[in-house]
Amino acid sequence: MAVERYNHRVEEPKWQSFWTETKAFEAKEDVTRPKYYVLEMFPYPSGRIHMGHVRNYTMGDVIARFRKAAGYNVLHPMGWDAFGMPAENAAMERGVHPKGWTYDNIAAMKKQLKSMGLALDWSREIATCDPEYYQHEQAMFIDFMAKGLVERRVSLVNWDPVDMTVLANEQVIDGRGWRSGAMVEKRELAQWFLKITTYSEELLSALDGLDNWPEKVRLMQKNWIGRSEGLRFSFELEDAQGNLLTDRLSVYTTRHDTIFGASFCALSADHPLVKTLSDTNTGLNDFRKSVAALGTSEENIEKAEKQGHALGLYARHPFRAGVKLPLYAANFVLMGYGEGTIFGCPGHDQRDHDFATKYGLPIIPVVAPRGESVDVSKQPYLEKDGENAELINSEFLDGMSVSAAKAEMAKRFEASGTGERRVNFRLRDWGVSRQRYWGCPIPVIHCTSCGIVPVPKADLPVVLPEDVTFDKPGNPLLHHPTWRHVDCPTCNAKAERETDTFDTFIDSSWYFARFCSPHAKVPVDPEAAKYWMGVDQYIGGVEHAILHLLYSRFYARAMTATGHLDIKEPFKSLFTQGMVIHETYKSVSGEWVLPADAKQEDGKWVHVTTGEALTVGGIEKMSKSKRNVIDPENIIEAYGADTARWFMLSDTPPERDIEWTSSGAEGAYRFIQRIWRLVNEAAEMQGGAADLTLRKLTHRSIEAVTGDLENLRFNRAIARIYELANGLQAAIAQKSIDVREAAETLVLLSAPMMPHLAETSWAVLGHKAAVVDTAWPKTDPALLFEDMVTIGVQVNGKRRDEVSVTKGITQAEIEPIVMAREAVLRSLDGKRVKKFILVPDRIVNIVC
RNA sequence: GUGGGCGUGGCGGAAUGGUAGACGCAACGGACUUAAAAUCCGUUGGGGGAAACCCCGUGAGGGUUCGAGUCCCUCCGCCCGCACCA
């Protein structure tokens, strides 16, 4: 009798309601049980989920369900990264209020996430735009201030002219704003900074302990922090007439060994000395402007020639009396690094070489391969360390290795008090002021007599006013008629609120900690955090490798320093999943065409309805502009959440990009129907004989799937489940085998991936308890043991035969068996055996 | 430029230095059906052969090893990060 098809439209909502009603995934602290905290990067409430969300949250969900079944007390929460520019853009474009827009989006996306059947603890839901949440952010900021982790200073900032706000260095990509894509300008503004550089050294060294982070992410953070060990020292300066000036020129270098090869000094166009000189030097002033106009984008840097402008001043060589190094303002020296100055050693640095060649400056070799000569006239010699190079033309350094010369030079500068060893970092402090409305208000007040006054904690939260307008550019908070006018908490005089809001990356830098105690009156309840933190498995996109993941590591330290947390590394294990990609097509006129409208005809791609020729545009990340987006809601409606989940996990390893294909989705759907048929057939079968082959397959499957899920190898786990299903199907066909264990195991092993089908199937198999309350299956070691093993037989490394032998067979035992094999004798062809190699239970290789 | 990753059938991809291509998709052949869909059975890296079986094969070339997709060297190609960092 044919079984009715599995109807996801009935079954999926049914089980989703069941899980909600039974509070199946609500987490409670229980110190008697091991905890497991699994977290996916929470979404920005854009309004609809996309396939990237489906993939991300499916992976986390499989881990959560698997760990729960395996006996862990699982915390798997969800929330909303709800502040940010798109809400304001919607307000400006459509006249809706950011708050209403955001909460509508949250409601819509929550409904969609629920339709995925995620094992989430919704009782812990948080939204960062909720004063319940951001009041704690404000309180912690005040604590950070007291701890010296906050600074307000006027600085050159990255100004995004489209979003009309400041961006952090991390948010400027190729000279453009990470969100708007507009060329970033430099502006001087008073800004709030979080002193992330306090932890430069620690954020770097602690990366070594993050064993379960991708090497790639650790390297990216390492390069971003950018530690270098060098020497800072200063030159005496003189004017064109040789008069000693009172100012000295401070430089930072990592190549102090090459000081005798110095032939010029270069200063950033933004260096204070250059600025001062340019006030009375129009040529220099023009040069400064041309450098500023060039920008720092990738193309510009590649094209830009080294350019300098002589300052008419000279630095006195510290070890060679009478040697004078001309000073230049140069376009390749950055003000933001070191001292904003360098001494140029053209013989051993590519940029310095370019510059010296252009301006006819001396190129003096001071390092050479040991015992050899070197020609640096055409290109610099770049040996930086090792013992195979020696110093030359360098007086007291001659003959030393590079490292020995550095040490000697550092010693001499330190002895004379004109320099010191210095560790330098590329990492800058985190500018967090944003001139936006839809963000967390910065809880300070500006008073003309008291200066900066933090808002007293009793007055928190500083709530965003809702009656704002978006009719003019800039910050609506600044335009609000009354909000910013307050009395100074200290002297009661008229004062003004800070109208900047926080960078939204602050919101996401501690939400994982808030999930431990989302309703606590303090930012984080210490007992709850002690139990749940850190996150055992964090999953998200690699695009957050630096921004979010570095800020969060800083925040954990800052919160620990202020007593809000007691853990320095928030994410024990990190996994960065690949993107969801899909084919693209373009019409002759250059418009993107929906993949559904493209078809192949005589090997050429044409439009389904118009017949117009199409070009294949490659398989790319799903994006609206390329019209290659597949809406998860449609897929879930048509095929069900289990199909979407199964597809996302099948075939492609989770760290790689996965291509969405309709055939793949249909394949997943067919497999669901197939399991359904197998389960129903198995449920109807009575008795039958135990079959050792099936039982061994069953237990090997448990073993393999368990290991694969522990290691996030979802695609392999799925391949194992297919094998078990194939074995079960073959056994059912025989009609005389007891298939119950195999069928039940199939259901339980696939349950983390296809939870709805698993629940229905489990009930069909006669179980009263739900799968979510059922333990992960256990292996029987006796069934994992194989007494026979098939071993390949090679002759001179080529496979010629295979033999089935008892496991653990010795060479003495197997040799006569193998040497009697016809295929082996034929391959040997009468030649004498030189060597007989047995790798136990693996392979035999006969060398002749 | 620099740091990292990757290169395996028509496709996605398996493979602790030990029988390359598990598993899936697609394709093809067959069964069932009036027919189609669904389902089931089978074939599917290339070449040779009636078959047994043989030869070739993991980007290219070399090396280490009894044995290399895996380790080492050189080269080619693709992808990602950073980018004038002194």
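Every heavy atom of this structure was used, including side-chain atoms; hydrogens, water molecules and symmetry mates were not.
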Heavy-atom check, side chain of A/H582 versus side chain of A/I619, under 4.5 Å: no
Gap between atoms CG and P, on A/N7 and B/rA38 respectively (whole Å): 19 Å
Spacing between A/F233 atom CZ and B/rA86 atom C1', to the nearest angstrom: 11 Å
Residue pair A/F343, A/F264: steps toward the ring-ring contact (aromatic ring centres under 6.0 Å, His included) verdict: CA-CA 6 Å; A/F343 77 79; A/F264 66 95; 9.0 Å; no
B/rC75 versus B/rA83 - spacing of their P atoms, nearest Å: 27 Å
Worked check of ring-ring contact (aromatic ring centres under 6.0 Å, His included) between A/Y328 and A/Y359: CA-CA 10 Å; A/Y328 288 84; A/Y359 291 100; 5.6 Å; yes
Identified side chain to side chain contact (heavy atoms under 4.5 Å, CB included) partner of A/R842 from the options A/L838, A/V839, A/N845: A/V839
Exam field: side chain A/Q673 to backbone A/Y6, donor-acceptor pair closer than 3.5 Å: yes
RNA chain B: 5'-proximal contact among A/A730 and A/G664 (nearest heavy atom): A/G664
Modelled atom types, side-chain donor and acceptor of A/N424 and A/S228, under 3.5 Å: no
Sugar-phosphate only, base, or nothing, as touched by A/N715 at under 4.0 Å among non-hydrogen atoms: sugar-phosphate
Sugar-phosphate, base or nothing in reach of A/V542, heavy atoms under 4.0 Å: nothing
Atom C1', compared across B/rU44 and B/rG30: separation rounded to whole Å: 15 Å
Rounded distance in Å between the C1' positions of B/rG13 and B/rA22: 10 Å
Working for ring-ring contact (aromatic ring centres under 6.0 Å, His included), residues A/H317 and A/F235: CA-CA 7 Å; A/H317 194 286; A/F235 288 101; 7.3 Å; no
A/R674 side chain, from C-beta outward: closest of B/rU19, B/rC40, B/rC85: B/rC40
Point-to-point distance, once rounded to the nearest 0.5 Å, from CE of A/M754 to CD1 of A/I672: 5.5 Å
Assigned glycosidic conformation for B/rG4 [threshold 90° from 0]: anti
Donor-acceptor side-chain pairing of A/N726 and A/R674 below 3.5 angstrom: yes
Side-chain (A/D708) to main-chain (A/R713) donor-acceptor, under 3.5 angstrom: no
B/rC25 phosphate, OP1 or OP2, under 4.0 Å from A/R670 side-chain N/O: yes
Sugar-phosphate only, base, or nothing, as touched by A/T652 at under 4.0 Å among non-hydrogen atoms: sugar-phosphate
A/Q729-A/R677 side chain donor-acceptor pair, cut-off 3.5 Å: no
Base B/rC80 paired with A/K216 side chain (donor-acceptor, <3.5 Å): no
C1' atoms of B/rG12 and B/rC6, separation to the nearest Å: 16 Å
Sugar-phosphate only, base, or nothing, as touched by A/Y722 at under 4.0 Å among non-hydrogen atoms: sugar-phosphate
ring-ring contact (aromatic ring centres under 6.0 Å, His included) between A/Y669 and A/W646, worked out: CA-CA 8 Å; A/Y669 183 70; A/W646 188 257; over 10 Å; no
Short side-chain N/O contact to B/rA14 OP1/OP2 from A/R713, under 4.0 Å: no
Distance below 4.0 Å between A/Q729 side-chain N/O and B/rC40 OP1 or OP2: yes
Give each protein N/O atom lying under 3.5 Å from an N/O atom of nucleotides 66-70 of chain B, with the pair distance.
| from | atom 1 | to | atom 2 | distance (Å) |
| --- | --- | --- | --- | --- |
| B/rC66 | O2' | A/N845 | ND2 | 3.1 |
| B/rC66 | O2 | A/N845 | ND2 | 2.7 |

Nearest-Å distance for atom pair CG/C1', residues A/L249 and B/rA86: 13 Å
Separation of atom CD1 in A/I619 from atom P in B/rC11, rounded to whole Å: 11 Å
Nucleotide nearest A/R351 when distance is taken to its side chain, options B/rA14, B/rC85, B/rA26: B/rC85
What's touching nucleotides 52-59 of chain B from the protein side, N or O pairs under 3.5 Å?
| from | atom 1 | to | atom 2 | distance (Å) |
| --- | --- | --- | --- | --- |
| B/rC55 | OP1 | A/R800 | NH2 | 3.1 |
| B/rC55 | OP2 | A/R800 | NH1 | 2.8 |
| B/rC56 | OP2 | A/K798 | NZ | 3.3 |

Length of the line joining A/W660:CH2 and B/rG24:P, which is rounded to integer Å: 19 Å
Rounded distance (nearest 0.5 Å) linking atom CE of A/M819 with atom CG of A/L825: 6.5 Å
Sugar-phosphate only, base, or nothing, as touched by A/T661 at under 4.0 Å among non-hydrogen atoms: nothing
Per-nucleotide pairing state of RNA chain B [Watson-Crick or G-U, under 3.5 Å; [ ] pseudoknot-crossing; | other strand]: (((((((..(((.....[....))).(((((.......))))).((((....))))..(((((..]....))))))))))))....
Side-chain N,O (A/R656) to OP1/OP2 (B/rG13) below 4.0 Å: yes
Sugar-phosphate, base or nothing in reach of A/D354, heavy atoms under 4.0 Å: nothing
Sugar-phosphate, base or nothing in reach of A/E339, heavy atoms under 4.0 Å: nothing
N or O in side chain of A/Y337 less than 4.0 angstrom from B/rA86 OP1/OP2: yes
Separation between the C1' atoms of B/rC73 and B/rA68, rounded to whole Å: 15 Å
Distance, C1' atom - from B/rG69 to B/rA20, rounded to whole angstrom: 7 Å
Whole-Å distance separating the CD atom of A/Q221 from the P atom of B/rG3: 20 Å
Donor-acceptor pair, side chain of A/W676 and main chain of A/E4, under 3.5 angstrom: yes
Whole-Å C1' distance, B/rU70 and B/rG18: 11 Å
Distance in angstrom units between A/F264 CZ and B/rA86 C1', rounded: 10 Å
Nucleotide nearest A/R426 when distance is taken to its side chain, options B/rG3, B/rA83, B/rA22: B/rA83
